[in-house]
Structure formats: structure tokens, C-alpha cells
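What follows is a single structure, written as C-alpha cells, with notes after it.
For this chain, numbers begin at 1 and follow the sequence in order.
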Amino acid sequence: MPKVVLAFSGGLDTSFCVKYLAEDQGYDVYSVLVDTGGFSDEELKTIEANAYALGVKQHTTVDRTKEYYSDCIRYLVFGNILKNNTYPLSVSAERIFQAVAVAEYAREIGASAIAHGSTGAGNDQVRFDMAFRIIMPEAEIITPIRDLKLSREAEIEYLTKKGVQRDWKKAEYSINKGLWGTSVGGKETLTSNQYLPESAWPTQVTKTEPETITLEFEKGELVGLNGQRAETSVQAIQQLAEMAQPFGIGRDIHVGDTIIGIKGRVGFEAAAPLIIIKAHHTLEKHVLTEQQLYWKEQLANWYGSLLHKGQFVEPVMRNIETFMTDTQNHVTGKVQVHLAPYRFHVEGIESNFDLMSPVFGSYGEMNNAWTGDDVRGFSKVASNQSMIYQKISELSQKK
């Protein structure tokens, strides 16, 4: 029988896809779950057991957490990327990276088709479709839920008739946990004026005493906390999340434009990403030049927008990554961050590359590298064109 690789999460939609593809369409179903840091070992074992119980030919878990960080997340940090100045692209980055990994697995085993369980209403359908088509254009893309326009009730009825007995009760809030943040969707996010209740957030507030922590960066990457170097940057991110999430830090609701052209709202909890980006950006403001900061911001916004739209494989992304990596040579130092319930702020930085070095002068006080006459001459030359423009305007009005 022909092989189909199914991007599998173990939920209702992908469970339906297994039965439909195997029993109604005659495929050998190879389910694959791409772990990018959002699953526990126990959860992975349960998903694997459910996949085999549904009748897959083979189930594979692909751990891409390390690659997800090195190939994607670190560039989100280098670029201080927040979609609409709010959202750290938690799901956007994760989904396209998972989609690429699924397509690569399908190519590896020589599948004739690739499938996903996305509906026709969101961004993920585009991300999966694009990645599959780019990585393995010869494969047929099968999307049962989207093509059949199935309701949740219809899927449950179908699985029940197939003998699949599970509690498919829909949770009040949909939670998608990942290394770079957790998304939260519910009835409030379907409106324009409501906020998620306290109980909806995955991490409840258990810390009330403020504390100050130190983040250590090396060439733009988080490498340690409070004087302790982590084994990997992934570990440092996870440790920071454990420190900060119990304060209720990093909660917000993102309002954005979907790939298919409609507005959407999603709640998210991303304590570590928001703290890292703020701390990293503060360090950069001390060690980079004005032009470096300006052009990096322009390219970073472009990079984040393309990533959100599923364009991770576009060659220009590698070009932007090269530029951003080169800007990080001096982004090394320590950043002190104050944590308190529901908020945080950066207290200051320490870096050997700090351009506020008193060797050259102190802003608003004393200078050591130039004279008052130097500034007087500079000011005259810098204002010349505007002065000439104003004079010409006045003369033309008198004619």
C-alpha cells in the first residue's frame, strides 16, 4: 500500500486522519510528532500508544528542540522579534519548523503523500502546505479535515463508529505549549474586548516576593543565569521560564493579521522569551552603533513577518540570519532584571563593549574626545541644508 506521512499530535483531528487515511483511503499511515520542546516524556509515550491503537503502520517522534533553537529561536533573539511589538512568534515559529521536519521525514522514508489535520480557518494550513510543497514537491498533500469540512461532532461520530472510545470533550481553553512560549485560546479570544481569566493561564501565580536575576549573554545568546553557566541555551531558556512564570510574567493577548487575511486574537504566556528579548535589546543598545541598531530592526521586522507567513525556507531568510549573526559579535555581557508579580524591568547591564565608556565622556556632563569648537563647527555644517531650504522658501514667497 502507498505510504502517507501524517503530522500527528494525538488530538481529535489527527486521530480522525489516521482512521480515514488507513481504512477509507487505503494508506499505510506513518505518524510523526516533531517535539520542539513542548512535550514531557510521559506525554510522548501516551501519544505514541494512542497512535498505534488507532492503527498506524509506524509512529516516530522526532526531537528537533536543539535544531529549533539553533536554526530559528536564536535569530528571534538576535532580532528582538515581537510581532506587532507584542508577540514572540511562539506558535508561528514552532509550526513552520515542525512542518519542515515532517516533510524531511516523508522524503527520508519515500512516502508518496503527506497529510496534516489543519482546518481551513487558520494559519497552520498554509504553513504546512508551503513546507510540504517546498521540501517534497512530488508528494501529494492530503488534508481530510479541511477538504471534508468536518465539524467536531462529525469527527467524534466517525471515530465512535470505528470503535475508538475516548473522551473527546473539548477543553474550555486550548493550550499549545512550546519552548518559546505557550498559546492560550478560549471564548474570550474570539471577541475584541474580553481578557482571559486568571484560571485560564497555564501557570498560576505562586511567587509574590520580588527578586533580581542576572542574565549572561555571549555573542547574543543566553548562556547563563545568576552566575551559573547552562549546558546549553535551551536549558537556560527553560531555567528562566521556571524562575519567571510563577510570577505571572509574560502574559498578554496578541491581535494580529492571519496569513489568510483576517484578524485574530490569541492569548500567550511567554515569560522567558519576553525577558530575554528585553534584556538582549537593552544590552544591544549599549554595545551597537546607531546604524547597526537601525538596520537590524528593519531586517528583523521583515524576518519575523516572513517567518509568521510560513516563509522559513525562503533563501533570503538565510541572508538576513547572516547579517544578524554578524551584528552579535559585541553583544556579550550581563543584564540585571527585576522580577515581581505580573511585571519585570531591566535594571542595567555590564559589558566590556559598553559604548557608554567614561573614557570618552559622560552624556550631558563632560567630554574628553572633542572640544566645544568642534561641536560648534559640526552643528553649523549639519544645519546647512535646512538653513538654505528655509532661506530659499522665504525668498520665493517674497517674489
Side-chain angles (χ1 to χ4, degrees), residues 9-14 38 76 80-96 117-127 145-146 149-156 167-208 210 241-242 244-278 301 304-305 307-310 339-345:
S9 66
L12 175 61
D13 292 334
T14 54
L76 298 180
N80 308 309
I81 294 172
L82 295 173
K83 182 70 173 172
N84 290 1
N85 296 314
T86 303
Y87 180 51
L89 294 181
S90 305
V91 176
S92 309
E94 183 180 69
R95 282 292 185 269
I96 185 61
S118 299
T119 69
N123 289 322
D124 286 345
Q125 58 176 327
V126 179
R127 295 171 182 141
I145 307 301
R146 180 174 65 186
K149 299 180 181 179
L150 294 171
S151 67
R152 186 177 183 85
E153 292 70 28
E155 291 178 59
I156 293 172
D167 182 7
W168 298 111
K169 182 181 178 182
K170 186 176 182 179
E172 188 174 359
Y173 294 96
S174 61
I175 307 294
N176 184 85
K177 182 180 178 182
L179 178 64
W180 205 234
T182 301
S183 67
V184 185
K187 60 182 184 296
E188 292 84 4
T189 58
L190 298 176
T191 72
S192 296
N193 64 342
Q194 296 183 53
Y195 198 74
L196 291 165
E198 185 73 22
S199 59
W201 300 105
T203 306
Q204 297 297 292
V205 177
T206 56
K207 283 187 175 183
T208 57
E242 291 175 2
Q245 283 174 184
F247 280 109
I249 290 171
R251 298 175 175 181
D252 207 344
I253 292 183
H254 167 56
V255 182
D257 299 288
T258 66
I259 304 171
I260 58 177
I262 60 175
K263 295 283 186 181
R265 289 177 96 216
V266 64
F268 65 89
E269 177 183 274
L274 292 185
I275 292 171
I276 292 168
I277 287 173
K278 181 65 175 178
N301 285 334
S305 179
L307 182 63
H308 169 73
K309 294 176 181 177
L339 308 181
Y342 305 107
R343 67 189 188 278
F344 73 93
H345 66 265

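Nearest heavy atom pair, residue Leu274 against residue Gly250, reads CD1-CA, 3.6 Å. Listed here is the closest heavy atom pair of Ile253 and Leu196: CD1-N, 4.0 Å. Minimum heavy-atom separation, Leu89 to Gly304: CD1-O, 3.6 Å. Between Pro341 and Lys207 the shortest heavy-atom distance is CG-O, 3.8 Å.
For Glu198, the salt bridge (charged side-chain N to carboxylate O under 4.0 Å, His left out) partners at least two apart in sequence or on another chain are Arg251. Annotation: side-chain contact (heavy atoms from CB on, under 4.5 Å) contacts of Ser192 (sequence neighbours excluded): none. Among residues two or more places apart in sequence or in another chain, the side chain to side chain donor-acceptor pair (under 3.5 Å) test is passed with Ser92 by Arg127, His308. Evaluation of the salt bridge (charged side-chain N to carboxylate O under 4.0 Å, His left out) rule for Lys263 yields Asp257 as partners, not counting sequence neighbours. A search for side-chain contact (heavy atoms from CB on, under 4.5 Å) contacts involving Thr191 returns Asn193, Gln194, Arg265, not counting sequence neighbours. Shown here are the side-chain contact (heavy atoms from CB on, under 4.5 Å) partners of Ile262, two or more places apart in sequence or in another chain: Thr258, Ile260. Applying the salt bridge (charged side-chain N to carboxylate O under 4.0 Å, His left out) criterion to Asp252, with sequence neighbours excluded, gives no partner residue. Remark: Asn80 engages His280, Glu284 in a side chain to side chain donor-acceptor pair (under 3.5 Å) (not counting sequence neighbours). Listed by chain and residue number, Pro210, His338, Arg343 satisfy the side-chain contact (heavy atoms from CB on, under 4.5 Å) test with Ala340 (two or more places apart in sequence, or in another chain). Every residue was checked against the side chain to side chain donor-acceptor pair (under 3.5 Å) condition with Glu155, not counting sequence neighbours, and none meets it.
Side-chain contact between Val91 and Val266: absent, with no pair of heavy atoms (C-beta onward) separated by less than 4.5 Å. Residues Leu339 and Ile275 form a side-chain contact, since some pair of their non-hydrogen atoms from C-beta on lies under 4.5 Å apart. Looking at heavy atoms from C-beta onward, Glu172 lies in side-chain contact with Lys187 at the 4.5 angstrom threshold.
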Distance-only check: which donor-acceptor pairs under 3.5 Å involve side-chain atoms of residues 176-185, not counting sequence neighbours?
unit_1 : atom_1 : unit_2 : atom_2 : d
Asn176 : OD1    : Arg95  : NH2    : 2.9
Asn176 : ND2    : Glu94  : OE1    : 2.9
Trp180 : NE1    : Pro88  : O      : 3.1

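In this structure, the side chain of Thr14 engages the main chain of Gly10 through a donor-acceptor pair within 3.5 Å. Here the side chain of Thr86 pairs a donor or acceptor atom with the backbone of Asn84 at under 3.5 angstrom. Side chain of Gln245 to backbone of Ala271: no donor-acceptor contact under 3.5 angstrom is found.
In this structure, CD1 on Ile277 lies 4.5 Å from CG on Leu82, to the nearest 0.5 angstrom. Expressed to the nearest 0.5 Å, how far OG1 of Thr203 lies from CD1 of Ile249 amounts to 11.5 Å. Here the straight-line distance linking atom OG1 of Thr189 with atom OH of Tyr195 works out to 12.0 Å at 0.5 Å rounding. Atoms CD1 and CH2, from Ile175 and Trp201 in turn, are 9.0 Å apart once rounded to the nearest 0.5 Å.
Residue pairs meeting the ring pair (Phe, Tyr, Trp, His ring centres under 6.0 Å) criterion with at least one partner in residues 249-275, sequence neighbours excluded, are Tyr87-His254, Tyr87-Phe268.
No more than 12 heavy atoms of other residues, nucleotides or ligands shown are found within 6.0 angstrom of NZ on Lys309.
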